[in-house]
Amino acid sequence: MKYILCVIFILSSSVGDDYFYKVIQNIEVSKDFKNYTNVDELKFTKQKIKKLSVRITLNEAEIKNQKFYLNIVSDMDSLYKTNAQYTQTKNNIHIDLTNLKTNVLYFDYIYDEVKQGEFRCDIINEFEYLYMYPYEGIIYGVAYGIIFCAFLYYLIIFFSTNVKAFLYYSIMQFFVLLSLIGFVYVSFLSYPNQNFYLTQAVIDICETSAFLFTLLFTKEILKTNKVMPKMNLILNLFVFLNILDIIAILVYKYSILYEYMRFDIGFLIPVIAGMIAIYKGDRFAFIYTFGWCIMFIFVNIAEDQIIPISGIYTIHIIAPFESLIFSFALGVMLRKLIYKQNEKEKMLIHKSRLASMGEMINNIAHQWKQPLTHLSYINMNLELASEDKQFDRNYLKVKIEESNQQIDFMSHTIDNFRDFYKPIKEKKSFLISKAVQQSIDIMKPILEINNVNIKFSILKDGNLLSYENEYSQVILNLITNAKDALISRNIDNASITIILDFVDNQSVVSVNDNAGGIKQENIEKIFEPYFTTKETGSGIGLYMSQTIIDSHFKGVLKVSNKANGACFQVIV
């Protein structure tokens, strides 16, 4: 940690070589090709002229020690005369400063009409001229492609997971992309004009917005509000400053905050927050901190020109690199979220099974009451018969057979429930009507006791290749919910109607009741986990039913209110 901090502060205090001011000794302009004055940018950009002459004085000592190129952006159609040999690409000309016969270069322009003078120049070294400039289109294209993919990818993930960190990161990437496109657009303008200042204001808004969402991303992903409250206050302060800066840009057309504050400070703050998180034991924060460290260092390099590459190239290289680093970091986070979601789903399945087992035990108890009573009567009859000296052996045989029938019935009941809740790992073809009937058979005794009539109509039957027990469990949940609604509301002539049909090559099982339906404010929430209107309900039955139909059957479980009650439809 100490070494990382040392590197950061060394870089932040470095002052790199500024090639422009070392190589170019002076720039003068003239409106009549005779009288030259030093450039006053503010005055120069407001003047409308017919002629323009630019005289550049070079530092001979510097151009002898290292090879440089002068890059000029201007209105090449209006170039009247120059004493420099150059190569041209569109509106750009490049001049090799190595073997010049003079250290004073002039460029004369005559315009077709009176207008603002157009001239901009900068110095690039040999490495940048040979290895960066010819491939800048590829550099820009790759950078934009990576950043746009990161923006789109994490926006989609946000809609899938509803995790705010992914949304903030996605929006941040969007504004970074707009900023980079704006930088490139401005780099092709020959000199500031009205469009330039408007464009610069838009770029500044995008830059400040990118920093704003960087801070929000930091707060969300590091949970600073809970883990580091003091750092959270600092982040909130900078969030507020960035919002004020956006307002200021709309008024003054440029960023006031980053005019007086170093650009790389915006990246140093997330780095410090990440280091605090690592110190507090957050392993995940290491990748996050590493990404912002890299970003901070390279932005610092670009600002101070520590390496011989223009800032625009440096940013176009490091921005997509940062996207890749954070894609890896967020990928780890996404894996953790999926793991937690799977664990949550396992817990819900376990709770659902416990609830189902409770229902199963209740149903077994109801189904066993009658045969146990019958067995009790048989035992009483046998006891009375045994007291009679004229004991009939045939009578004993009949009663034993009767007793065995009751025991077989009870055993068959246990087998039915055991098979119903047995986990099946392999998909098998099953008849839909059989799976539905299995659920009805289990629920029938308790429905009869509560005077609930159940009717099953088969309009069209078919087979499914999937997990039969899971399908039956879904139908069982729907019948159980309908039964509970009918009993709790004391419905006269309570009934449940199940209809099996096929519509557009899809099976549709409708479970209807006459319990009066579901309240409109609850119908949208009914499939949410832990939502229940029952006093003793767990709120996981319908959620798990929907999850099973969606995940294992690629189908739909939906609900609507009909004339007399609710209608659940399982569409597979």
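This is a predicted model, so every value here is computed, not measured. Numbering of residues begins at 1 and proceeds along the displayed sequence.
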So does [Y] get a backbone contact from the side chain of [X], meaning a donor-acceptor N/O pair under 3.5 Å?
X    : Y    : result
S170 : F166 : no
K50  : D112 : yes
S323 : A319 : yes
T289 : G274 : yes

* Once the angle between the rings of Y168 and F213 is folded into 0 to 90°, is it parallel (under 30°), tilted (30 to 60°) or perpendicular (over 60°)? ->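 Aromatic pair Y168/F213 classed tilted.
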* Parallel, tilted or perpendicular: which describes the rings of Y169 and F217, with under 30° parallel and over 60° perpendicular? ->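 Correct class here is tilted.
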How long is the span from the [atom1] atom in [X] to the [atom2] atom in [Y], to the nearest 0.5 Å?
X    : Y    : atom1 : atom2 : answer
L178 : Q173 : CG    : CD    : 11.5 Å
I72  : M76  : CD1   : CE    : 8.5 Å
N35  : E28  : CG    : CD    : 11.0 Å
L257 : I246 : CG    : CD1   : 10.0 Å
I249 : E259 : CD1   : CD    : 11.0 Å
N477 : Q546 : CG    : CD    : 12.5 Å

Side-chain donor-acceptor distances from residues 130-142 under 3.5 Å, at least two apart:
unit_1 : atom_1 : unit_2 : atom_2 : d
Y133   : OH     : T89    : OG1    : 2.9
Y133   : OH     : H94    : NE2    : 3.2
E136   : OE1    : Y313   : OH     : 2.7

Answer with yes or no whether the side chains of [Y] and [X] bring together a donor and an acceptor at under 3.5 Å.
X    : Y    : result
Y109 : S74  : yes
T208 : N242 : no
S255 : E207 : no
K219 : N236 : yes
Q88  : N92  : no

Within the 4.5 Å heavy-atom criterion, are [X] and [Y] side-chain neighbours or not?
X    : Y    : result
I124 : F68  : no
I63  : T98  : no
D550 : L557 : no
Y69  : I123 : no
D108 : L79  : no
L52  : F119 : yes

For [X], does the [atom1] atom sit with more than 12 other heavy atoms under 6.0 Å from it, leaving out its own atoms?
X    : atom1 : answer
K115 : NZ    : yes
K164 : NZ    : no
F151 : CZ    : yes
F148 : CZ    : no

* In a check of side-chain contact (heavy atoms from CB on, under 4.5 Å) between V29 and each of T37, N38, I49, which one passes? ->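 Output: one option passes, namely T37.
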* State which residue, out of V73, N71, I27, fulfils the side-chain contact (heavy atoms from CB on, under 4.5 Å) condition with C121. =>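 Checked V73, N71, I27 against C121; only one passes side-chain contact (heavy atoms from CB on, under 4.5 Å): I27.
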* Asked: Would you call K67-D96 a salt bridge at under 4.0 Å N-O?
  ->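 Looking at K67 and D96, the cut-off is met.
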* side-chain contact (heavy atoms from CB on, under 4.5 Å) between V556 and I549: does it pass, once the steps are laid out? -> CA-CA 6 Å; V556 178; I549 295 300; 5.5 Å; no
* **Verdict with reasoning, L97 to L100, per side-chain contact (heavy atoms from CB on, under 4.5 Å)** => CA-CA 6 Å; L97 303 181; L100 291 176; 3.6 Å; yes
Which heavy-atom pair separates [X] from [Y] by the least distance, and what is that distance?
X    : Y    : value
T218 : A273 : CG2-CB, 3.8 Å
I256 : A248 : CD1-CB, 3.8 Å
N59  : K22  : CB-O, 3.2 Å
F296 : D264 : CD1-O, 3.2 Å

* Examine R55 relative to Y36 and say whether NZ or CZ is less than 6.0 Å from the centre of the six-membered ring and inside a 45° cone about the ring axis. =>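 Output yes; distance and angle both within limits.
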* Should S78 and E118 be marked as a side-chain contact (heavy atoms from CB on, under 4.5 Å) after you check the CA-CA gap, both sets of side-chain angles, and the distance that decides it? -> CA-CA 10 Å; S78 301; E118 297 180 3; over 6 Å; no
* Do Y258 and F211 have ring centres separated by under 6.0 Å? ->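 Ring centres of F211 and Y258 closer than 6.0 Å.
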